[in-house]
Amino acid sequence: MASVSSQPQFRYTQPPSKVLHLRNLPWECTEEELIELGKPFGKVVNTKCNVGANRNQAFIEFADLNQAIAMISYYASSSEPAQVRGKTVYLQYSNRQEIVNNKTTADVAGNVLLVTIEGEDARLVSIDVLHLVFSAFGFVHKITTFEKTAGFQALVQFSDTETASSAKNALDGRSIPRYLLPEHVGPCTLRITYSAHTDLSVKFQSHRSRDYTNPYLPVAPSAIDGNGQLTVGLDGKKLEPESNVLLASIENMQYAVTLDVLHMVFSAFGPVQKIAMFDKNGGVQALIQYPDVQTAVVAKEALEGHCIYDGGFCKLHISYSRHTDLSIKVNNDRSRDYTIPNNPVVNSQPSILGQQPVSGMGPTVQYNGAPFTTTPEQPAMPQPSAGWGPGVPPMHQSMPMQMHNNPYMPPGTMLPQVAPGMMQSSIHSGMPQSSMLPPYGSGQMR
DNA sequence: AGCACA
């Protein structure tokens, strides 16, 4: 008897087993493909795919040992190697006699994905970036993020399993496109499994959890009181807590910026409830109130640093206000409550305000995505730049991420806007291929 | 291209 312990770990001939070990698989390999591969030789009773660190190994278990032997024998003498998606697959008997399928929740498809963000700077990936990335595949209902021993993780809830699966198939193992991350942030790779959850519980909108189905969900108290982590942004800089009320200051105000111009500009992102203008530090500032935080976030991201008029005039600087509900005592040319239909207009420009069909405006009004359903008159002063003009959605060109969580855009029309030049091809093809996702780094680095 | 528990 030769000593067993001196045997090398991998021998060229394993003792037969009805379980086969497969290697060099494409990492996208599915259970179905394994079954297809084994079917000609017998009944495949169990499989396990995406095994190993590179997810390029798998196991096939046949009902009968002879079937496994048939498959090994066939490919041992075949001139054509076994292939999956054009890749040569190497087969051998497994050193185990059956597949132990710890079929955990991670393998059972569901509408909620468990996303692990890998990388040095994983925790610097914002919930907004995650939302943007996953929105390319369908309406994202909710996202929660948290830190576990596994690292920085997120749960992403879709409407259904199919949408979740398409996102998982396209994104698992891929890296978040560089241009979505701050410059100094290193590569962040997504590892995705299914979660057992079907409906996440999001109590507040915060920097770590969002409910995109409920625009009226209150902002987390913890996000308001400046409690450590929640207020630290991508740069490690302090973030102001998000708010449904924006504070806009206007730089280089060569032209008068009227209440109506502001209303027009800010209405592009959702219903504006109230605006109050006032003078501060020799300039003009305005508070703009939306019904919900998300809309304000979108408007802020889209408008910050942009000019209302061409030529660098009336540059907007936007921050979050600590207000949540403005007190508008009277409607005039400096302040207005659009939620009150018949508020008397004092000292204003009736030719403009009087024509605004504002009676329907309010938190519950349906906003159809066209920026100006309540088309105001042209402002008395120069036309706002083309990008902001009436009827022209102000989202294109230089603003990569603006409308991504606008609750007023139906999900279907969101998709193409969500990630310009990024993932449209995979959206429409339904069967994403790695070559169709250029911005994503391959999961296999060599 | 080389054996699974997440």
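Throughout, protein chains are lettered first and strands after them, A, B, ... in sequence-line order, and every chain is numbered starting at 1.
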Just checking, is any N or O donor in the side chain of A:His323 or A:Gln289 under 3.5 Å from an acceptor N or O on the other one?
-> no
NZ/NE/NH1/NH2 to OD/OE distance under 4.0 Å, A:Lys142 and A:Asp199 = yes
What is the distance, rounded to the nearest whole Å, between atom [atom1] of [X] and atom [atom2] of [N]?
| X | N | atom1 | atom2 | value |
| --- | --- | --- | --- | --- |
| A:Gln92 | B:dA4 | CD | P | 12 Å |
| A:Asn46 | B:dA4 | CG | C1' | 12 Å |
| A:Arg55 | B:dC5 | CZ | P | 11 Å |
| A:Lys48 | B:dC5 | NZ | C1' | 8 Å |
| A:Asn101 | B:dC5 | CG | P | 11 Å |
| A:Ile117 | B:dA6 | CD1 | P | 20 Å |
| A:Tyr93 | B:dA1 | OH | P | 23 Å |
| A:Glu118 | B:dA6 | CD | C1' | 11 Å |

Using a cut-off of less than 4.0 Å, is there contact between a side-chain N or O of A:Arg96 and OP1 or OP2 of B:dA4?
-> yes
Where the side chain of A:Asn24 is concerned, which of B:dG2, B:dA1, B:dA4 is the nearest nucleotide?
-> B:dA1
Base, sugar-phosphate, or nothing: which does A:Glu98 touch, judged by heavy atoms less than 4.0 Å apart?
-> base
Mind checking A:Tyr194 for me? I need base, sugar-phosphate or nothing, with any heavy atom below 4.0 Å counting as a touch.
-> nothing
Verify the stacking flag for A:Tyr90 against B:dG2: centroid separation must be under 5.5 angstrom and the ring planes must differ by under 30 degrees.
-> no
Residue pairs passing the salt bridge (Lys or Arg N to Asp or Glu O under 4.0 Å) test where at least one lies in residues 149-165 of chain A, sequence neighbours excluded = none
Identify each donor-acceptor pair in which a side-chain atom of residues 62-72 of chain A lies under 3.5 Å from a protein atom, sequence neighbours left out, and give them as a table.
| residue | atom | partner | partner atom | Å |
| --- | --- | --- | --- | --- |
| A:Asp64 | OD2 | A:Asn66 | N | 2.8 |
| A:Asp64 | OD2 | A:Asn66 | ND2 | 3.4 |
| A:Gln67 | OE1 | A:Lys43 | N | 3.1 |
| A:Gln67 | OE1 | A:Ala63 | N | 3.3 |
| A:Gln67 | OE1 | A:Asp64 | N | 3.3 |

